[in-house]
Amino acid sequence: MRVEKVDVLVIGAGPAGSVAAAILNKNGHQVKVVEKQKFPRFVIGESLLPRCLHNLEKAGLLEAVQAQNFQRKNGASFTRNAEEFCAFDFSEHFTPGWGYAYQMPRAQFDKTLADEIVRQGVDLCYEESVEAVQFSPEKALIDIQPKKGDRYQIEAQFVVDASGYGRVLPRLLDLGCDSAFPARTAFFAHIKDTTRTKASEFLTEVAELKAAWTWMIPLEKGITSIGFVGDPDFLEQYGTDYDETMFRKLLSTHPLLVERYTAQEIEFVFPPRVIKGYSAGVKQMYGERFVLVGNSTEFLDPIFSSGVAFATETGAVAAELLSRQLAGEKVDWEKEYTKYIQHGIDVFRTFVREWYTGNLQTILYATRKDPSFKKQICSVLAGYVWDKKNPYVKKHRRAVPLLAEVIRGQQEANAAKE
Ligand SMILES: Cc1cc2nc3c(=O)[nH]c(=O)nc-3n(C[C@H](O)[C@H](O)[C@H](O)COP(=O)(O)OP(=O)(O)OC[C@H]3O[C@@H](n4cnc5c(N)ncnc54)[C@H](O)[C@@H]3O)c2cc1C
């Protein structure tokens, strides 16, 4: 069997893989990316956070993204019914950094990154799949199956697993574990949106239903991505086929959705799709000759659009550490990778948990918001989850429920006065 030698093999050309490969290549290592599919390919996750721009810039990929003129995203808004509403402008956040992001079809975004790393000199092979791995103290041997052609092997010093939902190394090395969150379902589609307003054009909007919530992400060319996420028992009251009929029924469950979408004859760009039980975790994030990045590590929930921010962050941090190791330096992966990444995951885990307990809604929809805590929470929503000057980062577990408790106390006191 043919054997090809490289310094680093990256599995998958999603945002985590492209960012990692770009940094390794920039640092002078011989890196090869194998990607199972042909790009452009569909993947969900269309709304970015400002923190992504920091990672793309670090990887030398930001200019290529900016040249695409994707739909700009200035912030996020939340609404519980027709009356309760809260908007965050990302330019008004606590932590210094980018104050906007983009919302775009991932097929185009991921292809932009992949084309740019190829332009920068990375060897990227499409329609080749990693099928098996063997690690020894000296090297990693990886079996590759091209869609067309014979199986071959790659001998690498190190493997970066950026295979996303493919979870290649967690599967092959039995590293996967269940998420602490209950299995929720996501049901989504792209529609031709004729009711888009100037105000909604630059925001990712979230509207709450009873035991679910829906995203509305305006993309280019008048197309909007809409998704329902929640408890499967709640969603399945509206059908079990996850088809256009069920989607239309769900659109009639929230006053904002009714106002926008039920009056028009919705035209679907593709038939609605469903993902059941999307959360997953891992027992370890690295080994002697490998590291897991992006969704290969842990995926919590789409509520705060944090997936690509984490994919690019893990890709960038892992690639910088690996470059140091390949240059002969001793790297403390536990401290510099797992602990660092785990901290960011834990901050978002608190926010996700408190969204589903309702504490976060108490904060979001409080009528009188202190501007300083709004900026601090805005920073977390923008993906700045490593800035320990922010109390909602440093003491996230305690700070979020405590603030909700204080607001509820004030609301009860005000109600008693009236
Ligand atoms: C319902 C839902 C909504 C979401 N919304 C958002 C959002 O609005 N914003 C956001 O930031 N995130 C969102 N996410 C999360 C987002 O989808 C992921 O976090 C992101 O795609 C992870 O990027 P990645 O690079 O790790 O993996 P991916 O983008 O999944 O890329 C992995 C690549 O690896 C390839 N691969 C897999 N197996 C193999 C193999 N054996 N050999 C070679 N290649 C392989 C795949 O073909 C794929 O191209 C959402 C997730 C869900 C479930």
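In this text, all values refer to a predicted model and were calculated from it rather than measured experimentally. Every number for a ligand or one of its atoms is a count from 1 in the order of the listing.
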Pair R119 + D115, salt bridge at N-O below 4.0 Å: no

Pair Y278, D301: side-chain N/O donor-acceptor within cut-off below 3.5 Å: yes

Student check: side-chain heavy atoms of L251 and V258 closer than 4.5 Å: no

Distance flag, aromatic centroids of W386 and F348, threshold under 6.0 Å: no

E131 to ligand 1, any heavy atom closer than 4.0 Å: no

Under 4.0 Å to a heavy atom of V34 - the qualifying atoms of ligand 1, by number: 43 (C), 44 (N)

Min N/O separation I275 to ligand 1 under 3.5 Å: no

Nitrogen or oxygen atoms of N295 and ligand 1 under 3.5 Å apart: yes

4.5 Å side-chain heavy-atom contact, L235 and M246: yes

Ring centroid separation Y392 to F94 under 6.0 Å: no

For atom 53 (C) of ligand 1, the protein heavy atom that lies nearest, with its residue and separation: Y165 OH, 3.6 Å

Aromatic plane relationship, W215 with W213 - under 30° parallel, 30 to 60° tilted, over 60° perpendicular: tilted

Heavy-atom nearest neighbour in the protein, as seen from atom 15 (C) of ligand 1, with distance rounded to 0.1 Å: F299 CE1, 3.4 Å

Sub-4.0 Å atoms of ligand 1 with respect to non-hydrogen atoms of G294: 26 (O)

Contact atoms of ligand 1, heavy-atom distance to Y278 under 4.0 Å: 53 (C)

Polar contact flag for V293 and ligand 1 (N/O pairs, less than 3.5 Å): no

Heavy-atom gap L48 to ligand 1 smaller than 4.0 Å: no

Validation row, ring centre H190 to ring centre F268 under 6.0 Å: no

E116-Q120 side chain donor-acceptor pair, cut-off 3.5 Å: yes

Identity and distance of the protein heavy atom lying nearest atom 42 (N) of ligand 1: V130 N, 3.0 Å

Validation row, ring centre Y337 to ring centre Y286 under 6.0 Å: no

Test item, G227 contacting ligand 1 (heavy atom, 4.0 angstrom): no

Ligand 1 atoms in contact with S129 (distance to a heavy atom under 4.0 Å): 40 (C), 41 (N), 42 (N)

F351 ring center near H396 ring center (under 6.0 Å): no

Where ligand 1 meets G12 - atom numbers and elements under 4.0 angstrom, heavy-atom basis: 33 (C), 34 (O), 35 (C), 44 (N)

Short N or O distance, V308 and ligand 1, threshold 3.5 Å exclusive: yes

Side chains of P218 and D193 in contact at under 4.5 Å (non-hydrogen atoms): no

Centroid-centroid under 6.0 Å between F228 and F188 rings: no

Atom 3 (C) of ligand 1 - nearest protein heavy atom and its distance: P302 CB, 3.3 Å

Test item: side-chain donor near acceptor, Y102 and Q68, under 3.5 Å: no

Pair E354-N359, side-chain donor/acceptor within less than 3.5 Å: yes

Numbering as shown, the atoms of ligand 1 that approach R41 to under 4.0 Å (heavy-atom distance): 29 (O), 31 (O), 48 (C), 49 (O)

Test item: side-chain donor near acceptor, Q145 and Y152, under 3.5 Å: no

Options E35, K36, R106, R167, ranked by nearest heavy atom to atom 46 (C) of ligand 1, top entry: E35

Contact (N/O only, under 3.5 Å) between I44 and ligand 1: yes

Nearest protein heavy atom with distance in Å, relative to atom 23 (O) of ligand 1: A311 CB, 3.7 Å

Shortest protein contact, atom 27 (O) of ligand 1 (heavy atom only): G164 CA, 3.3 Å

Atom indices of ligand 1 within 4.0 angstrom of V168 heavy atoms, with elements: 38 (N), 39 (C), 40 (C), 41 (N)

Minimum-distance protein heavy atom relative to atom 13 (C) of ligand 1: G45 CA, 3.3 Å

W215 contact mode with ligand 1 (heavy-atom cut-off under 4.0 Å): side chain

Mode of A186 contact toward ligand 1 - side chain, backbone, both, neither (heavy atoms, under 4.0 Å): side chain

The one among A162, S306, S47 that brings a heavy atom closest to atom 32 (C) of ligand 1: A162

Protein heavy-atom partner closest to atom 37 (C) of ligand 1 - residue, atom, separation in Å: S163 O, 3.4 Å

Side-chain donor-acceptor pair present, Q103, T204, cut-off under 3.5 Å: yes

Nearest candidate to atom 25 (O) of ligand 1, where distance is taken over non-hydrogen atoms, out of A20, A13, A16: A16

Contact partition for E46 relative to ligand 1, non-hydrogen atoms under 4.0 Å: backbone

